[in-house]
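Note that these values count all heavy atoms, side chains included, but never hydrogens, waters or copies made by symmetry. Bear in mind that the values here come from a model prediction, so they are computed numbers and not experimental data.
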Protein chains: 2
Amino acid sequence: MEKTDTTIQKVKQKIYKAGYKLTSQREDILRVLLDNEHLSAEEIYLKVKSENSGIGLATVYRTLELLSELNIINKIAFQDGISRYDVNDNDRQHQHHYLLCLNCGKIDEVEKDMLIDVEKEVEKSYHFKIKDHRLTFHGLCKKCIEEADDQNKG
Amino acid sequence: MEKTDTTIQKVKQKIYKAGYKLTSQREDILRVLLDNEHLSAEEIYLKVKSENSGIGLATVYRTLELLSELNIINKIAFQDGISRYDVNDNDRQHQHHYLLCLNCGKIDEVEKDMLIDVEKEVEKSYHFKIKDHRLTFHGLCKKCIEEADDQNKG
DNA sequence: TTGATTGCAAAATGTTTGCATAATG
DNA sequence: CATTATGCAAACATTTTGCAATCAA
């Protein structure tokens, strides 16, 4: 059995236990979410539609809300006003980080947490109980740095 | 001369040097931004309007874009789909961090950077040149933790 | 004086909602 | 069979744009 299938089974169980119904649309959306990273609702809608035509955008939004509520996915907002969604990795306690290239717009990911000490300090200094975090670095990706270097050299 | 006035003079100079005109609307918006933190465009619009009636929301958006472009303010996006804006502190190289309470919605700020070592590691591992970052912690603020504790005690 | 800026209204974008129909458990 | 979920269209909220009038330099 593929890893994706195992995950789908687990998630379906979670949905079922929470008292919701298992519909083909929910499974389709979940599959797309598992196969991709930081997709927008529109992108998910188009992908599901291309594989299995006949889904509504409203269903995508409603499903994304449901999956967020069940903590199966995370909603992330960059500065462009579009929400994106990532499946929550169960092996990971926290949301990973993002590298947003200001030049080409590419979004990369940083898997390593690296914030454990920072969080400890924040919790202590501010009496704030941290549940999760969102961290995005803005800058230049490897490719764009290299292209800029090439141009400088002539 | 007040600190705010000094800052306004500096920013006006920056706008002027960039070839833009100094209008009363721009100054009004700037003043509101300096007196407040993480306001939305709508909130800025209402504040300016209440002091000096006769500004358009479109002007607010256009000015916010201009000020962002000149690196005078930062646009931040939480998960609610509304963009907020903060004046860039010149003494600080990087955007500060936010503490978003999941219970009451309050947004606090963490002034200390604390990410210097993390950034060094990211730059090295990913060949990514970091220009800025956005970090928000999601959790429970002091007040909400205390209220939850009180309820548990009876 | 002239080109940038404004305010208004209209349009565009992303998301949510109401409701009749369809599907799940 | 009773709900829950869906798809569509309409509503909504935020942001952007076109354009004539206004203002700063």
Side-chain angles (χ1 to χ4, degrees), chain A residues 8 11-30 32 38-70 72-85, chain B residues 8-9 11-30 32 38-70 72-85 105:
Chain A
I8 288 185
V11 171
K12 281 170 89 168
Q13 214 172 336
K14 205 167 176 182
I15 293 172
Y16 180 75
K17 277 188 185 165
Y20 298 110
K21 292 183 177 174
L22 301 172
T23 67
S24 64
Q25 290 91 334
R26 284 175 183 170
E27 184 166 342
D28 290 343
I29 291 168
L30 193 56
V32 167
H38 38 75
L39 289 184
S40 67
E42 181 82 27
E43 287 166 340
I44 294 165
Y45 167 68
L46 291 173
K47 272 188 192 289
V48 172
K49 212 176 174 186
S50 75
E51 290 163 14
N52 162 6
S53 60
I55 192 173
L57 187 53
T59 301
V60 174
Y61 276 105
R62 281 187 282 229
T63 301
L64 291 172
E65 203 194 323
L66 174 73
L67 295 175
S68 293
E69 184 192 312
L70 295 178
I72 293 162
I73 61 173
N74 277 311
K75 184 181 182 178
I76 47 172
F78 297 111
Q79 309 322 107
D80 62 0
I82 301 170
S83 294
R84 290 160 204 287
Y85 301 85
Chain B
I8 287 185
Q9 291 316 314
V11 171
K12 281 170 90 169
Q13 214 172 335
K14 205 168 175 181
I15 292 172
Y16 180 74
K17 277 188 184 166
Y20 297 111
K21 292 183 178 172
L22 301 172
T23 67
S24 64
Q25 290 90 336
R26 285 176 183 169
E27 184 166 341
D28 290 344
I29 291 167
L30 192 57
V32 166
H38 38 74
L39 289 184
S40 67
E42 181 83 27
E43 287 165 341
I44 294 165
Y45 167 67
L46 291 173
K47 273 187 192 288
V48 172
K49 213 176 174 185
S50 74
E51 290 164 13
N52 161 5
S53 60
I55 191 173
L57 187 52
T59 301
V60 174
Y61 277 105
R62 281 186 283 229
T63 301
L64 291 171
E65 203 195 324
L66 174 73
L67 295 175
S68 293
E69 185 193 313
L70 294 178
I72 293 163
I73 62 172
N74 277 311
K75 184 180 181 178
I76 47 171
F78 298 112
Q79 308 322 107
D80 62 0
I82 301 170
S83 295
R84 289 161 204 287
Y85 301 84

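To the nearest angstrom, P of C:dT15 lies 7 Å from CD1 of A:I82. In this structure, CZ of B:F78 is placed 18 Å from P of C:dT15, rounded to the nearest angstrom. Rounded to whole Å, the distance from CZ on B:R62 to P on D:dC23 is 15 Å. Between the CZ atom of A:R26 and the P atom of C:dA23 there is a distance of 15 Å, rounded to whole Å. Rounding to whole angstrom units, CG of residue B:L57 and C1' of C:dA9 are separated by 12 Å. The nearest whole Å value for the distance from the CD1 atom in B:I55 to the C1' atom in D:dA21 is 17 Å. If you take CG of A:L22 and C1' of D:dT3, they are 15 Å apart, rounded to a whole angstrom. Across the protein-nucleic acid pair, B:E43 atom CD and D:dT14 atom P stand 10 Å apart, rounded to whole Å.
Side-chain nitrogen and oxygen atoms of A:T63 include none within less than 4.0 Å of the OP1 or OP2 phosphate oxygen of D:dA5. The side chain of A:Y61 contributes no N or O atom lying less than 4.0 Å from OP1 or OP2 of C:dT16. Under 4.0 angstrom from either OP1 or OP2 of D:dC23 there lies no side-chain N or O belonging to B:T23.
Within the 4.0 angstrom heavy-atom criterion, only backbone atoms of the sugar-phosphate kind lie near B:S83; the bases stay farther away. Using a 4.0 Å heavy-atom cutoff across all strands shown, A:Q25 reaches sugar-phosphate atoms only and no base atom. When heavy atoms are screened at a 4.0 angstrom cut-off, A:S24 is found touching no nucleic acid atom at all.
With B:Q79 contributing its side chain and A:K75 its backbone, the two residues share a donor-acceptor pair below 3.5 Å. Not one N or O on the side chain of B:R84 forms a donor-acceptor pair closer than 3.5 Å with the backbone of B:F78.
Between the side chains of A:Y61 and A:E42, no donor-acceptor pair is found at a separation under 3.5 Å. A donor and an acceptor atom, one from each side chain of A:Y85 and A:E43, are nowhere located under 3.5 Å apart. Between the side chains of B:Y16 and B:K12, not a single donor N or O lies within less than 3.5 Å of an accepting N or O.
Among the nucleotides C:dG7, D:dT6, D:dC8, the one closest to the side chain of A:A58 is D:dC8.
If you find the closest nucleotide of DNA chain D to A:G19 and to B:R84, the one lying nearer the 5' end belongs to A:G19. Nearest-nucleotide positions on DNA chain C for A:E42 and B:G56 put B:G56 closer to the 5' end.
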